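What follows is a single structure, written as structure tokens, with notes after it.
Predicted model only: the values in this text are computed from it and were never measured. Lettering of chains follows the sequences in order, A, B, ..., and the numbering in each one begins at 1.
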Amino acid sequence: MLQITTLRQDPERVKERLGLRNFPQPGLVDELLQDDENIRLQKGITEKLQASLNSISKEIGMLMGKGEKAAAEAKKEEVAGLKKELAAEADKLSLLEHTFNSRLLQLPNLPHQSVPAGKTPADNQVVREGGTKPDLASDALPHWELIKKYNLIDFETGSKLTGSGFPLYKGKGAKLQRSLIQFFLDYNTSAGYTEYLPPLMVNEATAYGTGQLPDKEGQMYHITEDGFYMIPTAEVPVTNIFRDEIVKATDLPVKMTAYTPCFRREAGSFGADVRGLNRVHQFDKVEIIQLTEPSLSYITLDEMVLHVERLLQFLELPYRILRLCGGDMGFTSALTYDFEVYSAAQQKWLEVSSVSNFETFQTNRMKIRYKEEGGKTQLLHSLNGSSLALPRIVAALLENNQTAEGINLPQALHTYFGEATIK
RNA sequence: GGAGAGUUGUCCGAGUGGUUGAAGGAGCACGCCUGGAAAGUGUGUAUAUGGGAAACUGUAUCGGGGGUUCGAAUCCCCCACUCUCCGCCA
């Protein structure tokens, strides 16, 4: 959620930045400023009434204390009218605030100055590429065939147990998951991230904190009986660890990592790229999250990009890093880099990570703050990224490294997996 | 799932309707004392938000939400969490 002070300071810049996102209602900005003005006026009226009511109540208290009952009764009558008036004004105020809040929630984050203009993924900027695409034989198999060939995942039984998109990993397939998770977590903790293993269901307040509610309600599995949501990413519980906290400046930056399964309904995204592991309802992911002071967040973003990039180099996968254009960025992000790996048999780029700076958009909702040197309390910046999402990594590893003898795993995984080749 | 006890400021802890934003203590900050420190002593010490150049000041906040009342930390209702006992159970 944007801070209203940002709108007050420079409404024209806000509109210009929203334009980069192709935000359809620039008029909202002026409406919000008008609301803001009205609210402050109405607050003045309401609070003045409340103040006089409070002071009369105090007087009554003093009179009662002195035993002057009659005088107190007289005051009580005086107050009756005031109370009615106050109730009416307070209603007006809460109506104004309600409108204001629902309008403010509709505003996405403002794109950083380096965000390119554009409407679709085709407008994203390729920042850099790395690794080399393998030369596969013409009869190279897509990963869903390789999965069958080496008996790594049983999609059919997963469907029987739950439904489509819930893979059942098996044997070497299950072990490969475990190896990757362990490797990613070790890599993250050795870079100073503290490991967490959070709850996989969260309550409404938590889902609201990171912006899943009210915006993406339909994307989460909802346990209505208890009012819980299955997490779509570790970002949700882990960032909320610091909700309503004031972090000591000396404890910054806060660096956290977590492995969790992620649950996504993926409502409305049926279509071409749902085969095999390209898009599933439950998948494993390791996430990194940082809370930093505002002046350092873009340096931190660059560090996180390098961190994820190095991980892909360890995996020896061909990758590219994209800077998302205004039209393709998520609602809450100010700047996002997407990482894609090339899955050679499908001849497709698959998104495996998304590293973003949210500035104060999330922390404003969650009231995650820190105390500055001078003693002033300020919102922190929050950032996060995947390191990494497993299914598409597995897809690319299988496809790119297939040989007649088996799947050759990258060096970095050998000790974790216990073998160099899946046969 | 059933029964009971509890949730107060950075922490401990008092407070069952009226100048209570909240006693007392600890901690912390600054001063005095000291050769220096400890002890002692004095003062200060929540957050958010509105108004104001500032001094200052209005409002809200005693787990969360609602209610009663002129007035609620205090009374009533609902919810969450913690602890104890019973039941069930990996």
Side-chain angles (χ1 to χ4, degrees), chain A residues 1-9 32-101 103-104 197-209 213-214 222-229 236-237 240-252 254 360 362-380:
Chain A
M1 176 163 71
L2 287 177
Q3 295 174 266
I4 186 64
T5 48
T6 310
L7 271 68
R8 280 186 209 145
Q9 274 159 16
L32 276 162
L33 287 172
Q34 188 59 55
D35 290 345
D36 181 45
E37 192 65 38
N38 292 341
I39 283 172
R40 280 196 277 179
L41 257 161
Q42 188 61 31
K43 231 182 201 157
I45 295 169
T46 312
E47 287 183 359
K48 214 166 258 165
L49 284 170
Q50 185 66 58
S52 54
L53 205 73
N54 285 350
S55 83
I56 294 173
S57 290
K58 251 177 206 174
E59 286 173 37
I60 294 176
M62 283 191 281
L63 290 172
M64 297 289 275
K66 282 188 242 162
E68 296 177 30
K69 265 213 152 128
E73 287 303 320
K75 286 270 180 201
K76 279 195 201 178
E77 273 167 46
E78 184 185 325
V79 154
L82 260 181
K83 258 197 106 173
K84 242 186 213 163
E85 206 182 328
L86 174 65
E89 298 298 340
D91 280 351
K92 276 192 221 166
L93 178 63
S94 74
L95 192 69
L96 283 171
E97 286 177 333
H98 187 260
T99 315
F100 173 81
N101 282 329
R103 279 182 176 148
L104 192 58
L197 185 64
L200 305 182
M201 295 183 201
V202 294
N203 59 31
E204 211 170 281
T206 300
Y208 177 84
L213 294 179
H222 188 191
I223 291 119
T224 50
E225 189 165 4
D226 300 284
F228 297 151
Y229 293 87
V236 178
N240 272 277
I241 291 170
F242 285 90
R243 172 153 49 92
D244 294 319
E245 299 282 334
I246 297 174
V247 183
K248 275 190 255 156
T250 49
D251 291 339
L252 294 172
V254 175
T360 59
Q362 294 184 326
T363 56
N364 186 32
R365 277 196 192 192
M366 285 184 273
K367 296 286 170 277
I368 301 181
R369 294 162 296 172
Y370 78 110
K371 224 173 193 119
E372 275 187 318
E373 284 297 315
K376 214 181 158 223
T377 308
Q378 267 210 37
L379 293 173
L380 285 163

Whole angstroms only, please: what is the CD-P distance between A/E97 and B/G50? 11 Å
Taking the side chain as every heavy atom from C-beta outward, state whether A/L380 and A/L252 have any pair of such atoms under 4.5 Å apart. yes
With the sugar-phosphate defined as primed atoms, P, OP1 and OP2, and the base as all remaining atoms, what B/S/- string results for nucleotides 72-80 of chain B, 5' to 3', for protein heavy atoms under 4.0 Å? ---------
Which of these nucleotides, B/A48, B/G18, B/G50, is closest to any side-chain atom of A/I60? B/G18
Between the NZ atom in A/K83 and the CD1 atom in A/I56, the distance rounded to the nearest 0.5 Å is 12.0 Å
Under a 4.5 Å cut-off applied to non-hydrogen side-chain atoms, are A/I4 and A/T6 in contact? no
Pull out every stem in RNA chain B, meaning runs of 3 or more consecutive Watson-Crick or G-U wobble pairs with both distances under 3.5 Å. B:1-7 with B:80-86, B:10-12 with B:24-26, B:27-32 with B:40-45, B:46-51 with B:56-61, B:63-67 with B:75-79
Would you tabulate the side-chain donor-acceptor contacts of residues 69-81 of chain A under 3.5 Å, counting partners in other chains and residues two or more places apart, or write 'none'?
from	atom 1	to	atom 2	distance (Å)
A/K75	NZ	A/E59	OE1	2.7

For the student: nearest non-hydrogen atoms of A/I368 and A/F242, plus distance: CG1-O, 3.2 Å
Review item, nucleotides 26-30 of chain B N/O atoms under 3.5 Å of protein N/O:
none

Sorted by chain and number, sequence neighbours left out, salt bridge (Lys or Arg N to Asp or Glu O under 4.0 Å) with A/D35 holds for A/R103
Pairwise P distance for B/G13 and B/G4, with rounding to whole Å: 25 Å
Can you pull out the residues from residues 70-95 of chain A that lie within a 4.0 Å heavy-atom distance of RNA chain B? A/K76, A/V79, A/K83
Near RNA chain B, under 4.0 Å by heavy atom, which residues of residues 39-58 of chain A? A/R40, A/K43, A/E47, A/Q50, A/A51, A/N54, A/S57
Side chain to side chain contact (heavy atoms under 4.5 Å, CB included) against A/K367, all qualifying residues, sequence neighbours excluded: A/D244, A/N364, A/R369
Determine the interatomic distance between P on B/G40 and the same-named atom on B/A53; round to the nearest Å. 46 Å
Which residues pass the side-chain hydrogen bond (donor to acceptor under 3.5 Å, both in side chains) test with A/T360, sequence neighbours left out? A/Q3
Check whether any side-chain heavy atom of A/K43 lies under 4.5 Å from a side-chain heavy atom of A/T46, and answer yes or no. no
Residues forming a side-chain hydrogen bond (donor to acceptor under 3.5 Å, both in side chains) with A/N38, sequence neighbours excluded: A/Q34
Write down the distance between CD (A/E245) and P (B/U47), rounded to a whole number of angstrom. 15 Å
In whole Å, measure the gap between the C1' atoms of B/U20 and B/A46 for me. 15 Å
From CD1 of A/I4 across to P of B/G50 the rounded distance in Å is 11 Å
If you measure from the C1' atom in B/U68 to the same atom in B/G17, how many Å do you get, rounded? 12 Å
Between A/D226 (CG) and B/C81 (C1'), how many Å, whole number? 15 Å
Test of understanding: with salt bridge (Lys or Arg N to Asp or Glu O under 4.0 Å), list the residues that count as partners of A/K92, not counting sequence neighbours. A/E89
For a quick check under 3.5 Å, do A/N54 and A/Q50 share a side-chain donor-acceptor pair by atom type? yes
Residue pair A/R365 / A/Y208, side-chain heavy-atom distance below 4.5 Å: yes
Within a strict 4.5 Å, meaning less than it, do heavy atoms of the A/D36 and A/L7 side chains meet? no
Measuring only the C1' atom in each nucleotide, how far is B/A14 from B/C62? A whole number of Å is fine. 13 Å
Nearest-0.5 Å distance, CG of residue A/L86 to CG of residue A/L93: 10.0 Å
In whole angstrom, what separates A/Q3's CD from B/A48's C1'? 14 Å
Spacing of the C1' atoms in B/U34 and B/C12 (rounded, Å): 31 Å
Could I get the full list of side chain to side chain contact (heavy atoms under 4.5 Å, CB included) partners for A/N203, not counting sequence neighbours? A/A205, A/T206, A/F228, A/R243
Taking the side chain as every heavy atom from C-beta outward, state whether A/M201 and A/Y229 have any atom pair closer than 4.5 Å. no
Given the C1' atoms of B/C56 and B/C75, what is the spacing between them in whole Å? 37 Å
Rounded to whole angstrom, note down the C1' distance from B/C83 over to B/U16. 23 Å
Of A/R369 and A/M62, the one whose nearest nucleotide on RNA chain B sits closer to the 5' end is A/M62
